[in-house]
Amino acid sequence: MDRSNWRKIGLILAAALLISACGSNLRGTQSDKIAVVNWHRAMENHPRYQNLQQQEKILKDLLEKRQGQENLARAQIGSLEKLRQLRQLSEVSYWQADFNTRMVEQREREAKKLQLKIAEVEEQVDKELVPRKKAIEDNYQLEIFNLRALLGAVRLKIDEREALEAKLQTLQHERGKKVMELQAEKQALMEAQLAPYREEMQQRMADAAARYQAEMLEHRKDKEQREREMFSAAPQALHNALAIMDREIEKQQEKNEQLRQQINGDISSQAVKLAHEHGYTIVFNQFKVNVNADDITDKVVESLKKQIQK
């Protein structure tokens, strides 16, 4: 009990004793008789004070146990939260790796299909350009052959050889240019036919990516929901457990307070009784400076023991 409560009890007791002694003072003019009770010592000597100490120890143990349980539970909840965060990071890494693997596999499948499509289109375009390619070769083949044959002759003059070589180079350059033009036209024809397929391929890749991401998000959403429900139950479980302990603590506090009030009541009752028997006007619960008072603590303790023995 704190000092304010002790002070209240002392004042109430003093007022009660003073009122009870007023009747006797009306019959005489004798000076007031003052007594003092060392309340703390009286409590310590009360037969049930050890019971109060035992109950206070029980209360202290309950409070320490509650604090320990709360600290341990909060530490465990903190560890669970860290574990959940690590699992989330691991989940993200796993699904990102799985997404990348799926997209690589999808890209490889599409690349194989594209190669087959390119070969198919190239074969088709080549068939379309075969006559023109043959016409170019036919147009230059005979003349180039004749020039090479003339250059192979040993009886050519230098200027004649140079003229033939220049003409041969010109024909070869013209043929190469026409072949390159035909090759460029081939590429343009192929790209025109492959463009729609490439767009379809890109769309299939985008659709696959969106589908994989949707599956990933749905799976993570379900798992995060389950984890959220599981982790949200932990604080509530802690609250419920502490609530049970709080009820036990509250009962113990009430029990202790009842015993303390009983002890204080016994001391107060014996002090009032002694005040009446010995004619004390005022009884203090602690010594006052410059006040001459009789210490009746031992008498109060003796009376308490006799009362309890009865």
Side-chain angles (χ1 to χ4, degrees), residues 1-71 242-310:
M1 181 177 296
D2 57 25
R3 293 181 179 179
S4 62
N5 288 334
W6 286 114
R7 188 177 297 110
K8 291 177 181 178
I9 291 175
L11 292 175
I12 293 171
L13 177 59
L17 295 179
L18 181 59
I19 293 171
S20 66
C22 285
S24 61
N25 285 342
L26 293 175
R27 295 190 296 268
T29 59
Q30 60 183 4
S31 60
D32 293 335
K33 292 180 66 177
I34 302 174
V36 65
V37 177
N38 187 329
W39 208 277
H40 183 67
R41 188 158 65 87
M43 287 191 67
E44 290 180 342
N45 286 275
H46 192 285
R48 300 199 64 186
Y49 183 71
Q50 290 185 351
N51 293 343
L52 178 61
Q53 285 185 312
Q54 291 175 353
Q55 291 183 187
E56 290 289 355
K57 185 178 184 304
I58 293 174
L59 177 61
K60 181 181 178 182
D61 291 342
L62 285 173
L63 291 171
E64 290 178 351
K65 182 179 178 181
R66 182 196 185 282
Q67 187 63 47
Q69 286 290 97
E70 183 177 3
N71 293 340
L242 294 179
I244 295 174
M245 297 190 70
D246 287 339
R247 287 194 292 271
E248 293 182 8
I249 291 171
E250 185 177 353
K251 290 179 181 179
Q252 189 64 41
Q253 287 174 332
E254 292 176 355
K255 185 178 179 181
N256 293 4
E257 184 60 27
Q258 289 175 358
L259 181 55
R260 186 179 293 105
Q261 289 178 2
Q262 181 182 347
I263 292 173
N264 286 325
D266 291 343
I267 297 173
S268 177
S269 176
Q270 294 303 318
V272 170
K273 180 181 178 182
L274 288 171
H276 278 288
E277 291 176 354
H278 297 280
Y280 290 110
T281 307
I282 301 175
V283 179
F284 292 111
N285 69 342
Q286 58 184 352
F287 287 97
K288 301 291 184 178
V289 179
N290 299 327
V291 175
N292 186 17
D294 296 336
D295 187 352
I296 62 172
T297 304
D298 292 337
K299 293 180 180 180
V300 170
V301 171
E302 184 179 352
S303 297
L304 287 171
K305 291 180 180 178
K306 292 179 179 180
Q307 180 187 5
I308 297 301
Q309 288 175 358
K310 292 180 182 180

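All residue numbers refer to positions in the sequence shown, counting from 1.
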Q) Between atom CD of Q253 and atom CD of E56, what is the distance when rounded to the nearest 0.5 Å? A) 9.0 Å

Q. Is it true that E70 and R66 make a salt bridge, defined as a side-chain N closer than 4.0 Å to a carboxylate O?
A. yes

Q: Report yes if some heavy atom in the side chain of Q53 is under 4.5 Å from a heavy atom in the side chain of K57; otherwise report no.
A: no

Q) Do you know the tightest heavy-atom contact between A42 and V301? A) CA-CG2, 4.0 Å

Q: To the nearest 0.5 angstrom, please state how far the CD1 atom of I267 sits from the CH2 atom of W39.
A: 5.5 Å

Q: Go through H46 and L52 one step at a time and tell me if the side chain to side chain contact (heavy atoms under 4.5 Å, CB included) criterion holds.
A: CA-CA 10 Å; H46 192 285; L52 178 61; over 6 Å; no

Q) Do you know which two heavy atoms are closest between V283 and A275, and how far apart they sit? A) CG2-CB, 4.0 Å

Q | Short side-chain donor-acceptor distance under 3.5 Å, Q270 and D266 | A | no

Q.
What I'd like to find out is whether the side chain of N45 reaches to under 4.5 Å of the side chain of L304, using heavy atoms alone.
A. no

(Q) Given 3.5 Å as the limit, does a donor-acceptor pair link the side chain of N256 with the main chain of Q55, or not? (A) yes

Q: Can you measure from CG (D246) to CG (L63) and round to the nearest 0.5 angstrom?
A: 9.0 Å

Q: Report yes if the side chains of D294 and H278 come closer than 4.5 Å at any heavy-atom pair, otherwise no.
A: no

Q: Work out which heavy atom in T297 is nearest to a heavy atom in N38; give both atom names and the distance.
A: OG1-N, 2.7 Å

Q.
Working to the nearest 0.5 angstrom, can you tell me the gap between E257 CD and L59 CG?
A. 11.0 Å

Q) Rounded to the nearest 0.5 Å, how far does NZ of K251 lie from CG of L62? A) 11.5 Å

Q: Assess whether atom CD of E277 is packed by more than 12 heavy atoms of other residues, nucleotides or ligands within 6.0 Å.
A: yes

Q. Taking the side chain from S303 and the backbone from K299, do they hold a donor-acceptor pair closer than 3.5 Å?
A. yes

Q | E44 with R41: basic N within carboxylate O range, under 4.0 Å | A | no

Q | Between Q54 and Q50, a side-chain donor and acceptor under 3.5 Å | A | no

(Q) Working to the nearest 0.5 angstrom, can you tell me the gap between L259 CG and N51 CG? (A) 6.5 Å

**Q.** Lys/Arg N to Asp/Glu carboxylate O, D61 vs K65, below 4.0 Å
**A.** no

Q) Taking C-beta and beyond as the side chain, do N264 and Q261 meet within less than 4.5 Å on heavy atoms? A) no

